[in-house]
Amino acid sequence: MNAPYANNDEPIENEQQGLLAAIWSDDAKVIAQSGFDVDGINVYRRNLLANAERALSISFPTVFELLDSDVSQHIAHQFLKSSPPNQGDWAQWGAALAGFISTTEVGYEYPYLADCAALDWQVHCALHGIDQTFEQSSLQLLGDCQPEHIIVKFNANVKLLETKYPIGDIFYAHHGVDERQRKASLNNAQQALASPLAAQTVMVYRPEFQPKVATLMTGEAEFMRSLMSGQSLANALNNANGNNHFSFEHWLVKAIERNLIYTFKEN
Amino acid sequence: MLVNNKALLVGVGLRHPHFTDILTTPKQVDFIEVHSENFFGQGGAALSVLNQVREKYLVSLHSTSMGLGSKHDIPMAYLERLKNLTQMIDPFLMSEHACFTWGKQHGQTMHSGDLLPIAHTQVNLARMCEQVDKVQSFLGRELIIENVSAYVKFDGSYLSEAEFLTELCQRTGAKILLDINNIAVNSLNFEGGDIQQSVADYINVLPVNSVAQIHLAGCQIPTIGQLVIDDHARPVSDEVWQGYQLAIARFGAVPTLIEWDNDLPQWSVLIEEAQKARDIAQTILHREQL
């Protein structure tokens, strides 16, 4: 059966919106009355859901490993309805999933799930982020300028997430490089979830092409937050100095190894 | 990038699981084709692989989301990304589908997530010409437009898809990407399933100089009574190979691509399919020369 209303002079918008409405509707009556072949509409509906699920499973691998397939399918379906793709690239669809999960029953039942989704999304974005390497010549500024006049531009793929759940360990429990790391991370995550929850900062960074995740110590987290908010090196050091474990020299060596810094700039 | 149009070029679609294969095996095809949207990121490993691949192979950018037949304008953010990629890769072919993808929901732009068919009418033809002109002008490149497989039809279509594409190309300077499997799928779903007849009817409408690329693919054949889904998950079927012979006989040495997007086989299987296309085309071309 063909769509009966798409006459020669039918405005394009009507026929196209009619087809979209039929595909996106969950109401069997709406589909049956759309005028389009129901079997055909159902093919598009299945394709849409399969594409959405596949896209989310790629962008949110941890979340999809944590959930049973029927739950993840349900979430994909509901998320599709609440935030339809609008960019023509499935890889760019999902920025709102973490917030969406926090409103769902499963998000309520597993309160760390939304933060896991937020971490997955940042890792996914870093995977496709701009390639940046440290401008080594800018190191000279550390010798030439006072810390009050130095600011740090971070690599665009460096992101900090605030959470009270062990999402770094949960991430590596699923994506660790080997069984040993995965088991150790799983143990850490289980212990942390069984203990009183404490605020922590998790960092996403990309040394080369593969993004990595690290849970930061308090001093380092404070230091990086200060720098990333545009404060001078002097202010950031002051903010971190309350923590005896923080050493700028150690941080600098590690930051260069991890490709955290894009450049030092004079303010 | 200039290409000798008299040489038969054969390529394969490149998907992520084959990245290592293409970088580590000797060159056995002339070009590779990628989905543009898979490389819309600003950097990362995939883009790095594509840049390495283009040093050795011609690259064709095949877009799947532009929706040239959409009533709604293609968002500029999408076109900017495509332009950036095009400038970086300098593809020898750029293609899209004769379909719509953009619409509105609650006043917001939405993407359909699929290639949705359009009614083949003069109104839609005018709209698609407008979009193709706009995109070609923005990118500074000629597009080639692919016929699509469909699972619903519009009563209002009074042009055949072949007539629609012919007129589109005459008005815009674009060329046609002839997907033989899509003709086969539509033949099975809507035209009684005489694939040879459907392909012959289709290609005989197209001017001989209008086709710039051919796609070959396979799909699962369902039980009787169900719609055939164009899943690109199987080897090219015998019927599609036969259709390919007809197309090469009519259009000559047109760049030909093996598309395989799901349930990917070993790289070597893909290469064998490409070699089969080359052998078939060369046999036909040799015969035509005699």
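Residue numbers begin at 1 in each chain, while the letters A, B, ... track the order of the sequences.
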Contact part of Arg206(A) toward chain B, heavy-atom cut-off under 4.5 Å: side chain, backbone, both or neither? side chain

Among all residues two or more places apart in sequence or in another chain, which pass the salt bridge (Lys or Arg N to Asp or Glu O under 4.0 Å) test with Lys56(B)? none

Write down the atom of Pro84(A), the atom of Gln105(B), and the distance for their closest heavy-atom approach. CG-OE1, 3.0 Å

Tyr44(A) side chain to Leu116(B) backbone, donor-acceptor under 3.5 Å: no

Mind checking side-chain hydrogen bond (donor to acceptor under 3.5 Å, both in side chains) for Arg54(A) and listing every partner two or more places apart, or none if nothing turns up? Asn51(A)

Please classify the contact of Leu127(A) with chain B as side chain, backbone, both or neither, using a heavy-atom distance under 4.5 Å. backbone

Residue part contacting chain B, namely of Trp24(A), when any heavy atom lies under 4.5 Å: side chain

In terms of heavy-atom pairs under 4.5 Å with chain A, the winner among Gly67(B), Ser63(B), Pro117(B) is Pro117(B)

Give a yes or no on whether Glu208(A) atom CD has more than 12 heavy-atom contacts from other residues, nucleotides or ligands under 6.0 Å away. no

Examine whether an atom of Gln92(A) lies under 4.5 Å from a heavy atom of chain B, and if so say whether it belongs to the side chain, the backbone or both; otherwise answer neither. side chain

Would you give the length of the straight line joining atom OH of Tyr78(B) to atom CD of Gln87(A), rounded to the nearest 0.5 angstrom? 12.0 Å

Looking at NE2 of His128(A) and CZ of Phe39(B), how far apart are the two atoms once the value is rounded to the nearest 0.5 Å? 10.0 Å

For Thr101(B), is it the side chain, the backbone, both, or neither that has a heavy atom closer than 4.5 Å to a heavy atom of chain A? neither

Report yes if the side chains of Asn42(A) and Tyr151(B) come closer than 4.5 Å at any heavy-atom pair, otherwise no. no

Contact winner vs chain A - Gly113(B), Ala77(B), Ser65(B), heavy-atom pairs under 4.5 Å: Gly113(B)

Under 4.5 Å from any heavy atom of chain B, what part of Ile41(A) do you find: side chain, backbone, both or neither? both

Under 4.5 Å from a heavy atom of chain A, the part of Leu115(B) involved: backbone

Enumerate by number any residue of residues 41-50 of chain B whose heavy atoms lie under 4.5 Å from heavy atoms of chain A; in the absence of such residues, state 'none'. Gly41(B), Gln42(B), Gly43(B), Gly44(B), Ala45(B), Ser48(B)

Leading residue by heavy atom contact count with chain B [cutoff under 4.5 Å; candidates Gly40(A), Ala156(A), Gly88(A)]: Gly88(A)

Please report the interatomic distance OG1(Thr64(B)) to CH2(Trp90(A)), rounded to the nearest 0.5 Å. 11.0 Å

Check salt bridge (Lys or Arg N to Asp or Glu O under 4.0 Å) between Asp73(B) and all other residues, then give those that pass, not counting sequence neighbours. Arg127(B), Lys134(B)

Quick one: does any side-chain atom of Gln108(B) pair with a main-chain N or O of Ser83(A) as donor and acceptor, under 3.5 Å? no

Starting at CG of Asp89(A), measure out to NE2 of His35(B) and round the result to the nearest 0.5 Å. 12.0 Å

From CG (Asp114(B)) to CG (Leu19(A)), nearest 0.5 Å: 9.5 Å

Using a cut-off of under 4.5 Å for heavy-atom pairs, which of Gly129(A), Ala55(A), Ala52(A) has the most such pairs with chain B? Gly129(A)

Pairwise side-chain contact, Asn124(B) with Glu15(A), heavy-atom cut-off 4.5 Å (strictly under): yes

By a 4.5 Å heavy-atom criterion (distance strictly below it), what part of Asp230(B) contacts chain A: side chain, backbone, both, or neither? neither

Nearest heavy-atom approach of Leu227(B) to Val43(A) is CD1-CG2, 3.9 Å

Within a radius of less than 6.0 Å around NE2 of His74(A), do more than 12 heavy atoms belonging to other residues, nucleotides or ligands occur? no

Tell me, do Ser112(B) and Leu20(A) make a side-chain contact under 4.5 Å, heavy atoms counted? yes

Side chains of Gln226(B) and Asp39(A): is there a donor and an acceptor less than 3.5 Å apart? no

Does NZ in Lys81(A) sit with more than 12 non-hydrogen atoms of other residues, nucleotides or ligands closer than 6.0 Å? yes

Could you check whether any side-chain heavy atom of Trp102(B) comes within less than 4.5 Å of a side-chain heavy atom of Asn86(A), counting everything from C-beta outward? no

Has Gln17(A) got a side-chain atom pairing as donor or acceptor with Lys104(B)'s backbone, closer than 3.5 angstrom? yes

